[in-house]
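We use all heavy atoms of the structure for the numbers below, so side chains are in, but hydrogens, waters and symmetry mates are not. Lettering of chains follows the sequences in order, A, B, ..., and the numbering in each one begins at 1.
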Amino acid sequence: MNAKASTAAPWLRGLNPEQRRAVQHTDGPLLVLAGAGSGKTKMLVHRCVHLVRGRGVEPGRILVVTFTNKAADEMRERVRTYAGDDAKDVMVSTFHSLGARILKLHAEKVGLPRRFAIYSGSDQLGALRQATQEISIDDDRFDLKRVLRRISDWKTRGVSPRGAREEVIASAATGTRADDYEVLAADAYGRYEEVLRACGAVDFDDLLLLPVKLLEEDEEVRRDTWRRWHYVMVDEYQDTNAVQLHMTRLLAGARRNVCVVGDDDQSIYAFRGADVGNILEFERHFEGTSVIKLEQNYRSTRRILEAANSVIAGNARRHDKRLRTENPIGAPIDYYEHDDDAAEADIIASELSLRHFRERRPWREFAVLYRANTQSRPIEEALRAKGIPYRVVGGQSYFDRKEVADGMAYLRAIAHPRDEIALRRIINYPSRGIGRVSIGKVADLARERNAGFAKTLRTADGELLGGAQAEAVAAFLEVMDGQRDALARAEELAKRPPPATGLPPIARWAMDLFKDVGLEDAIRADYRTAGTHDARLSNLRDLAGTIARYERRRWSELGTGVDRGDLALTAEDAPADPDAEEWRAPTLAEALSRLALADMDDEEDDAEAQDAVTLMTLHSAKGLEFDDVFLVGLEEGILPHARSIEGDDAALAEERRLLYVGITRARHRLTLSLCRRRRRGGDAVEVLPSRYLKDIPEELLNPKTAERMLSPEESADLRRDFFKNMKAMLEESA
DNA sequence: CCAGGGGTCCTTTTT
DNA sequence: GGACCCCTGG
């Protein structure tokens, strides 16, 4: 297609020549090196539209892979906006849900049940705890989280338990590292995998590893996959790890229509195995690659971009580039030094309300970004005190909250009889007289007989346990059996359309379950968490609400052919003839398998529509943009983080990129701040400004203090505006 | 044998 | 704010 014709194509309007070239390079490997704010997401979306409208590719043949659910949602939304129904079958998926999908279709080939459970957070810890207990290395201070990180390291590099042990032994033999801890971790790794399999479960790393294994070893899986997708695109490619590189290669297959987009300066996930080398050496991995660079920034003011450029210039190993922009110079970058984090939070809250009321800008245009989740607390407190609406993105994952994890464990223990980790989590919560010793006895016996824990539990009588304990176990089993029956009835009801109002049957059952087994009372009775009871109860009820949404979505999919969860991989004509797919009534087991991957992003749509300030980590902010950004805690020990300062140069380089990512989120306005004192452990300690601040040219910065934040006139204006706006708002809502 | 209270330590980033 | 351990009383 020549340049003239492309000008005529409506889907190419609004793209500059560089972007158009990228969009149109339709065959063979394509590497798009896209700077921050260069419109790379837009480019990917337009490429999808171009393939469908311009080249007549069936949308179902196009696969876009992202890292986060949020990115996938946004991409889907944009594809729909630009291409309408034409492109509704373009599949947008995260690496992990794609892996889950492939795995689900071939689960039996790797010895998994069709409805395998996906473990995260506390479940993984539970499995690992059991693994270490079984090989008796739980006695000394064995930091399970650290071991889990170590195991995950191995898994993201595709190293097997045996490989891990060899690696550890080899490094000990060469005297480089004779670390007992490593040996223990390698031993635990193997057993951990066995525990997972015995429970019919996988962890997040398996969602990448096992599909790769399948694709590698199984001709049929490969053939089906290649028949299904002809064009593969990967967003944020700089954050891929070894397994994801492998997966990308396998997905691309012989067609090699693979287009990856990324920015080496925004690689911030090395800690979980991401390798910038993947993007730096893409041309070597995929022979005959076309390379396109997007170096114009459309997002930020010149001052903001200059600050970002000066920060990132301090890193050595990178594609040399300097983003340019034609945007206006913009406002100076505000810079605050606060006494402590409370003062910092306070001023931010004041600035926010000032800018909101005085400049009449909606709350949603603002974001407060920080290095670690723990930094959100003082800010939340200050915003709450001033009545500023906010939402916290990420943080403790929804499923890691105790009450949610407990609720999930009940659901899983009922849905998956093999799920021993779930069972052991809830067997004595709420307390019902089955303590550590009794559980230990059953577990020992189970091991002796080489039988499952759940099965052995049924044989536990007054001889094995005390009389009272045996009775407690019997009562517990009775409750569980009763719940299974109730679930079966609910699933039977779920074969008919849900009621127009009220909860659909499975959700209804879950809600009752939480009440009947005493979870709700246990939350209310916990004196340690007084004050958070309502929030916890509502989190638990949200879980039932999520099941309700799943049930309704399932029913809305009937006959429409839209099936985001289980689009057949093998049916060759699936994209063309979606009705050919078999529709199934909702089940708890399926709800659970969707839930684990969905994160809770989907559920926050309502909150997102609300007008609220966004609080999140720099990591979560990648890929997003805001008019007005506050970047807090620019101190040694925070950014760069203390752990990275202890670490190597690579760790520090990543911290610098993190700051770069943060700065480049801002469109019009940026406020940097730090604290001179910060609480560490018990008391407040003096801290130093971040080393990276020196790299920002002084003339770009506008130092401010709390006193000078507002002139007296501005204060008066603010007060006046505040009441005026308040009045207007009240009238609007009336 | 179990439940619950009280003390202690730590706390990067995430699918 | 947690997760975890230890102690005491039932």
Side-chain angles (χ1 to χ4, degrees), chain A residues 65-72 93-100 118-122 124-125 129 138 141 143-146 148-149 152 155-156 202-208 236 239-241 243-244 267-274 369-377 393-397 399-402 405 428-441 465-470 472 522 525-532 596-599 601 616-622 633 637-647 651 654-655 657-658 661-662 679-682:
Chain A
V65 188
T66 64
F67 276 78
T68 64
N69 289 296
K70 205 186 296 160
S93 175
T94 64
F95 267 108
H96 289 88
S97 19
L98 177 68
I118 299 168
Y119 279 9
S120 72
S122 54
Q124 283 179 280
L125 278 176
R129 186 172 298 119
D138 64 318
R141 288 220 156 272
D143 180 355
L144 291 183
K145 281 187 187 147
R146 191 177 144 195
L148 207 53
R149 271 197 300 273
S152 182
K155 293 180 84 164
T156 51
V202 298
D203 63 18
F204 274 98
D205 296 319
D206 289 325
L207 290 178
L208 305 175
E236 307 281 10
D239 288 324
T240 48
N241 61 35
V243 179
Q244 285 162 327
S267 160
I268 53 174
Y269 282 102
F271 72 88
R272 67 167 198 216
L369 308 182
Y370 35 80
R371 172 67 234 266
N373 285 304
T374 50
Q375 291 173 262
S376 76
R377 249 184 66 202
V393 176
Q396 196 185 17
S397 140
F399 292 106
D400 280 343
R401 286 174 217 172
K402 186 185 178 315
N428 199 36
Y429 185 83
S431 329
R432 45 172 75 89
I434 310 172
R436 225 192 48 215
V437 178
S438 295
I439 293 171
K441 282 179 181 169
L465 312 173
Q469 285 71 249
D526 195 338
Y527 69 95
R528 285 166 300 192
T529 57
T532 64
L597 283 168
D599 209 16
D601 281 1
M616 63 184 157
T617 63
L618 291 164
H619 283 89
S620 309
K622 191 181 54 141
I638 301 281
L639 187 70
H641 195 273
R643 295 287 179 113
S644 299
I645 297 175
E646 294 162 14
E654 183 145 311
E655 297 287 320
R657 290 193 292 269
L658 218 33
V661 166
R679 269 197 304 275
R680 263 211 347 234

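In this structure, A/K402 satisfies the cation-pi test against A/Y429, with its NZ or CZ atom closer than 6.0 Å to the six-membered ring centre and inside 45 degrees of the ring normal.
The CG-C1' distance, from A/N69 to B/dT15, rounds to 8 Å in whole Å. Between A/R432 atom CZ and B/dG4 atom C1' the separation is 17 Å, expressed in whole Å. As a whole-Å value, the separation of A/K145 NZ from C/dG2 P is 12 Å. The interatomic distance linking A/R436 (CZ) with C/dA3 (P) rounds to 19 Å, in whole Å.
Among the heavy atoms of the strands, none lies under 4.0 Å from A/R149. A/F95 comes within 4.0 angstrom of nothing in the nucleic acid, heavy atoms only. Among the atoms of the strands shown, base atoms are found under 4.0 Å from some heavy atom of A/F271. When heavy atoms are screened at a 4.0 angstrom cut-off, A/S620 is found touching the sugar-phosphate backbone but no base atom.
Side-chain proximity of A/A372 to C/dC4, B/dT12, B/dT14: nearest is B/dT12. Ranking B/dT12, B/dT14, B/dC2 by closeness to the A/R272 side chain, first place goes to B/dT14. Comparing B/dC1, B/dT11, B/dT14 by their closest approach to the side chain of A/T374 singles out B/dT11. Side-chain proximity of A/E655 to B/dT12, C/dG1, C/dC4: nearest is B/dT12. Here B/dT12 is the nucleotide among B/dT12, B/dT14, B/dC2 with the atom lying nearest to any side-chain atom of A/S644.
Residues passing the side chain to side chain contact (heavy atoms under 4.5 Å, CB included) test with A/T617, sequence neighbours excluded: A/Y370, A/N373, A/H619, A/S620. Judged as a side-chain hydrogen bond (donor to acceptor under 3.5 Å, both in side chains), and not counting sequence neighbours, the contacts of A/D203 are A/K155, A/Y192. Residues passing the side-chain hydrogen bond (donor to acceptor under 3.5 Å, both in side chains) test with A/D526, sequence neighbours excluded: A/R528. For A/A405, the side chain to side chain contact (heavy atoms under 4.5 Å, CB included) partners two or more places apart in sequence, or in a different chain, are A/S122, A/R425. Take A/Q469 and apply the side chain to side chain contact (heavy atoms under 4.5 Å, CB included) test, not counting sequence neighbours, and it matches A/S438, A/L465.
Side-chain N/O atoms of A/S431 include one lying less than 4.0 angstrom from OP1 or OP2 on B/dG4. Under 4.0 angstrom from either OP1 or OP2 of B/dT15 there lies no side-chain N or O belonging to A/S120. When the side-chain nitrogen and oxygen atoms of A/R643 are compared with OP1 and OP2 of B/dT11, one or more of them lie within a distance under 4.0 Å. Proximity of A/N428 to the phosphate of B/dA3: a side-chain N or O atom is located under 4.0 Å from OP1 or OP2. Listed pair A/K441 / B/dC1 meets the phosphate criterion, a side-chain N or O lying under 4.0 Å from OP1 or OP2. Between A/T617 and B/dT14, a side-chain N or O to OP1/OP2 separation shorter than 4.0 Å is present. OP1 or OP2 of B/dT14 sits under 4.0 Å from a side-chain N or O of A/N373.
Atom CZ of A/R377 sits in a sparse spot, with 12 or fewer heavy atoms from other residues, nucleotides or ligands closer than 6.0 Å.
Residue-to-nucleotide proximity on DNA chain B shows that, of A/H641 and A/G433, the 5′-proximal contact is made by A/G433.
For A/S152 (side chain) and A/L148 (main-chain N/O), no donor-acceptor pair under 3.5 Å exists by modelled atom type.
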Are there any protein N/O atoms within less than 3.5 Å of an N/O atom in nucleotides 6-10 of chain C, and if so, which ones and at what distance?
none

